[in-house]
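First comes the structure, then the notes that go with it.
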Amino acid sequence: MKLVKEIDSFEPKDIFECGQCFRWNREENGSYTGVFSDCVLNVEKCEGNIVFNGNENVTEEKINEYFDLNRDYSKIKKELSKVDNNLLEATNFGSGIRILNQDLWETIISFIISANNNIPRIKGIIEKISKKYGKEIKFNEKSYYEFPTPKELSKATVEDLKNLGLGFRDVRVYETTQMINSKEFDLDELYTLDTKQAQEKLLTLSGVGPKVADCILLFSTLKRFDVFPIDVWVRRVMNDLYIHEQDEKKLNKNYIRKIADTKFGTLEGMAQQYLFYWKREQSA
DNA sequence: CCCCAGGTCGTCA
DNA sequence: TGACGACATGGG
């Protein structure tokens with residue numbers, strides 16, 4: 001299928017390289033190709049329009065949902081840019097960011113793998129998992145692979161996972177997969193909980209701590225903006241911009257979170273993403 | 001050889 | 001609670 005849309009606040013590079021997703025890759029012409037659910041899709045910006053080119057499973061409805069097209073990002077940026085000059089600059093820099101509605105299960109496993117890891121390697125591991133345990137999809141003569149279902153991934157032993165290069169995360173991915181596949185952990189229940197409760201429930205999964213839980217809440221279909229994932233980059237940018245005191249407070253996550261709460265309010269998750277992308281691209 | 005990467009977990013005070 | 005080291009792997 002092919003679809004052309006005029007969309008405000010939509011820049012492929014900003015969306016796919018702001019750290020929220022791991023299955024999108026840049027093509028030579030600057031477009032991006034990726035896989036979500038059973039869809040393979042190429043996204044390109046041409047003279048202000050967004051061109052979507054995908055396999056037969058892609059529909060406009062799925063695109064609207066996945067790319068969060070029913071949300072007014074101009075309004076969010078306007079709101080955040082009123083906070084201070086830092087956010088003004090950060091939202092201008094990443095003005096084409098949209099927070100994707102990614103599959104909850106896939107997001108959980110992806111961010112467990114992200115722990116103490118770097119983005120290129122995270123992408124490589126997820127690709128290997130998909131290739132080995134997910135269904136093949138053909139698109140333009142090439143093979144792509146769906147991210148495996150819990151049932152499909154539950155066939156992987158700890159040893160299998162280790163061989164894919166997961167490092168010390170092999171046991172955690174294994175245990176969490178078993179918990180979800182057996183329904184001991186109910187994914188659907190998360191949607192019924194408020195953010196705080198959902199956070200606590202996510203923490204019961206193996207390999208999910210505060211940072212990973214917040215990323216899951218922010219980047220999946222759970223879509224909570226009232227979280228503030230703190231990793232090394234966010235800590236760095238928050239220290240640089242807002243904390244000019246002793247080293248003790250600089251290292252304190254709760255202190256950073258409190259500043260984020262009071263400054264950014266219920267949009268703190270969005271603020272985090274603009275700041276993360278801004279800071280990381282600058283030092284790249 | 002070092003250090004680092006979208007941290008979590010177990011342990012110990 | 002809060003600090004601290006271990007934990008695999010690959011790239012710079």
Closest to the A:Arg172 side chain, choosing from C:dA8, B:dT8, C:dG2: B:dT8
d(CG, A:Asn116; P, C:dC4) in whole Å: 17 Å
Interatomic distance where CZ belongs to A:Arg121 and C1' belongs to C:dC7 [whole Å]: 12 Å
Whole-Å distance separating the CG atom of A:Leu203 from the P atom of B:dG10: 13 Å
Aromatic A:Phe185 / basic A:Lys201 pairing, under 6.0 angstrom, 45° off normal: yes
Whole-Å distance separating the CZ atom of A:Arg169 from the C1' atom of C:dA6: 13 Å
For atom NZ of A:Lys123 and atom C1' of B:dA5, their distance in whole Å: 15 Å
Sugar-phosphate only, base, or nothing, as touched by A:Gln273 at under 4.0 Å among non-hydrogen atoms: base
Nucleotide nearest A:Phe168 when distance is taken to its side chain, options C:dC7, C:dT9, B:dT8: C:dC7
Atom pair distance, as rounded to whole Å: CG in A:Asn117 and P in B:dC3: 19 Å
Length of the line joining A:Ile113:CD1 and C:dC7:C1', which is rounded to integer Å: 16 Å
In a table with atom names and distances, give each donor-acceptor pair under 3.5 Å that connects a side chain of residues 225-232 of chain A to protein atoms at least two apart or in another chain.
| unit_1 | atom_1 | unit_2 | atom_2 | d |
| --- | --- | --- | --- | --- |
| A:Asp226 | OD1 | A:Thr195 | OG1 | 3.0 |
| A:Asp226 | OD2 | A:Thr195 | OG1 | 3.1 |
| A:Asp231 | OD1 | A:Trp233 | N | 3.1 |
| A:Asp231 | OD1 | A:Val234 | N | 2.8 |

A:Arg236 vs B:dA5: side-chain N/O to OP1/OP2 distance below 4.0 Å: yes
Whole-Å gap separating P (C:dT9) and CD1 (A:Ile112): 18 Å
5′-ward residue of the pair A:Cys215/A:Val208 relative to DNA chain B: A:Cys215
Passing option when A:Phe67 is tested against A:Phe10, A:Tyr73, A:Tyr32 for ring pair (Phe, Tyr, Trp, His ring centres under 6.0 Å): A:Phe10
Nearest-neighbour nucleotide for the A:Asn254 side chain, C:dG2, C:dT9, B:dT8 considered: C:dG2
C:dA8 to B:dT11 separation - P atoms, rounded to the nearest Å: 15 Å
Among B:dG7, C:dG10, C:dA8, the one nearest A:Asn118 by side-chain distance: C:dG10
Touch class at under 4.0 angstrom, heavy-atom based, for A:Gly19 against every strand present: base
Over 12 foreign heavy atoms within 6.0 Å of CD, A:Glu136: yes
Sugar-phosphate only, base, or nothing, as touched by A:Phe22 at under 4.0 Å among non-hydrogen atoms: nothing
Lys/Arg-Asp/Glu bridge criterion (N-O < 4.0 Å) met for A:Arg280, A:Glu17: no
Lys/Arg-Asp/Glu bridge criterion (N-O < 4.0 Å) met for A:Lys258, A:Asp261: no
Sugar-phosphate only, base, or nothing, as touched by A:Cys21 at under 4.0 Å among non-hydrogen atoms: nothing
Sugar-phosphate only, base, or nothing, as touched by A:Pro210 at under 4.0 Å among non-hydrogen atoms: sugar-phosphate
Sugar-phosphate, base or nothing in reach of A:Val234, heavy atoms under 4.0 Å: base
